[in-house]
Amino acid sequence: MEPVKKFLEDPEACAAANPVAAAPAAGGGGRRREEGGEEGRGRGGAGRGRGLRPFRLSAPRRRRARGRPFWRQASFSYNAAVSACEKCGQWQEALSLLRGLWEVQLEPDVVSYTAGISACGAGTQWQLALSLLAELREAKLEPNIMSCSAGISACALDGQWQLALSLLRGIREARLEATTVCYNAALGVCRHGPWQQVLSLLSEMRASSLKPGTIAYNTAALGCNMSDQWLRALSLLGELLDASMEPSPVTYRTGIGACQKGARWQQALMLFHQCLQDTFEVSSVDYNILSGACEESGQWQLALWLLGEMRMKELEMDIISCDVGISSCEKGGNRWQALSFISELVSRVSSRIFHSM
């Protein structure tokens, strides 16, 4: 970031410090540079009372300067700085750097805009991300697959599934080859929309040269499960396993959640056991889903045993865990154990209220 700040404060000094950019041109170019420097110093001395004016180059000189190593390095430094801001979640700083390119007569390129779009998307500023994408086109630059993917991801982070689909259609209309990343991002946002749209995107991937992977199947199954299409969700996860793909913790968690909605506690237990066999680390969320599936299917003893195992593994019990425990005790007529869950529930709720104040 330090070279960029120095360049913003005094571009001419940075250019003079660069041996390639400061070298005099053949045929008396050095004399003209020296005269120009004295003239500039005169103007700078006369204008000190009004403050420093922004550094400007004429259009022909700007075109010639872009080919010099110093200017190429300056553009690269700006793009790297914008990308760094994206990774740190500083979308305001990324936009500030992007606007700063114009101040020093460096026009943003596709890489600059893509980094800015990604930064805005990471900051859940999808409106700004789409604004930058539109600005990219207005600057007569051709969006590439990376910039379009960044736009889709920005929409995905805020649940704007209609806009994400519109961008995906734009990729096809521009005859760009959509990547797996594009489809995965679109699937991720479409899970908040109609489940039919999720299955349609998955079919598009199968029909194209792209092969849906674990992420695509997990996302599609989760979308179906969120729309209470638990049978379709289990069917998609079955396809994933039949295709010899590597399941992930999300695969098992989605499957157990689908079994909970379908009151299939035996299948939920099988998936949980398989998850442990695959040496995946289970969390409180997994135990909550599984114990909830058992409790809702009338297996209250099993639900209480799972909650006890949570305590043995020193996993944190939350409000959902306590709620499952209270319901299971109620069904089993175990009032004293229910009181312990109620006490823990009151403690959790009080702690949440205290931290929110």
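Quick note: numbers below take in every heavy atom, side chains included, and nothing from hydrogens, waters or symmetry partners.
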Minimal non-hydrogen separation, I145 against A178, with atom names: CD1-CA, 3.9 Å
Here the pair of heavy atoms bringing A338 nearest to I326 is O-CG1, 4.2 Å
Out of curiosity, S283 OG to K313 NZ, how far, rounded to the nearest 0.5 Å? 10.5 Å
Can you confirm whether more than 12 heavy atoms, excluding those of Q127, are under 6.0 Å from its CD atom? yes
Starting from the C-alpha separation in whole Å, work towards a yes-or-no answer on side chain to side chain contact (heavy atoms under 4.5 Å, CB included) for L269 and L290. CA-CA 7 Å; L269 280 175; L290 181 59; 3.9 Å; yes
Check whether any side-chain heavy atom of M310 lies under 4.5 Å from a side-chain heavy atom of S284, and answer yes or no. yes
4.5 Å side-chain heavy-atom contact, W161 and P194: yes
Side chains of T180 and M205 in contact at under 4.5 Å (non-hydrogen atoms): yes
Can you give me the closest heavy-atom contact between W195 and C224, atom names plus distance? CB-CA, 4.3 Å
Check step by step if side chain to side chain donor-acceptor pair (under 3.5 Å) holds for N218 and S248. CA-CA 9 Å; N218 284 347; S248 69; 3.0 Å; yes
Mind checking whether M270 and L241 sit in one hydrophobic cluster, side chains of I, L, V, M, F, W, Y counted as touching below 4.5 Å? no
I need the minimum non-hydrogen distance between R264 and S297, along with the two atoms involved. N-OG, 4.4 Å
For Q229, is there any backbone N or O sitting under 3.5 Å from a side-chain donor or acceptor partner on S227? no
Between NE2 of H273 and CG of L271, what distance do you get to the nearest 0.5 Å? 11.5 Å
Could you point out which residue of L306, D318, V324 forms a side chain to side chain contact (heavy atoms under 4.5 Å, CB included) with N288? D318
Quick one: pull up CD in Q160 and CD1 in I152 and give me the separation to the nearest 0.5 Å. 14.0 Å
If you define the side chain from C-beta out and look only at heavy atoms, does anything of R169 sit under 4.5 Å from L165? yes
If you take all heavy atoms of C294 and L302, which pair is closest and at what distance? SG-CD2, 3.6 Å
I342 CD1 to C329 SG distance, which is reported to the nearest 0.5 Å: 8.5 Å
Is there a path of hydrophobic side-chain contacts, each under 4.5 Å between heavy atoms, that joins L168 and V181? no
Connected-component partners of M226 among ILVMFWY, side-chain separation under 4.5 Å: L222
Apply side chain to side chain contact (heavy atoms under 4.5 Å, CB included) to the pair L132 and S147, showing each step before the final yes or no. CA-CA 10 Å; L132 285 177; S147 54; over 6 Å; no
Are more than 12 heavy atoms from other residues, nucleotides or ligands located less than 6.0 Å from atom CG of L163? yes
Applying side chain to side chain contact (heavy atoms under 4.5 Å, CB included), run through T219 and N184 and close with a yes or a no. CA-CA 8 Å; T219 311; N184 286 346; 5.9 Å; no
Would W230 and L199 show up in the same hydrophobic cluster when neighbours are defined by side-chain heavy atoms closer than 4.5 Å? no
Going only through I, L, V, M, F, W and Y residues with side-chain contacts under 4.5 Å, is there a path from I256 to L231? no
For T114, does its backbone N or O pair with a side-chain atom of S118 as donor and acceptor, under 3.5 Å? yes
If you round to the nearest 0.5 Å, how far is NZ of K331 from CD of E296? 7.5 Å
Would L315 end up clustered with L307 when hydrophobic side chains under 4.5 Å apart are linked, directly or stepwise? yes
Within the side chain of R137, is there an N or O that forms a donor-acceptor pair under 3.5 Å with the backbone of A134? no
Minimal heavy-atom distance between R253 and D286, with the atoms involved, is NE-OD1, 2.8 Å
Determine yes or no for a side-chain-to-main-chain donor-acceptor pair under 3.5 angstrom, with S166 supplying the side chain and Q162 the backbone. no
Residue pair D278 / Y252, side-chain heavy-atom distance below 4.5 Å: yes
What's in the same ILVMFWY side-chain cluster as M312, cut-off under 4.5 Å, chained through other members? none
Nearest-0.5 Å distance that lies between atom CE in M146 and atom OG in S153: 9.0 Å
Would one find more than 12 heavy atoms of other residues, nucleotides or ligands at under 6.0 Å from atom CD of Q277? yes
Does the side chain of V285 reach to within under 4.5 Å of the side chain of I289, using non-hydrogen atoms? yes
Run through the side-chain heavy atoms of Ile, Leu, Val, Met, Phe, Trp and Tyr, join any pair under 4.5 Å, and report what else lands in V250's cluster. none
Start with the C-alpha distance between I171 and L167, add both sets of side-chain angles, then the distance that settles side chain to side chain contact (heavy atoms under 4.5 Å, CB included), and finish with yes or no. CA-CA 6 Å; I171 290 175; L167 288 174; 5.8 Å; no
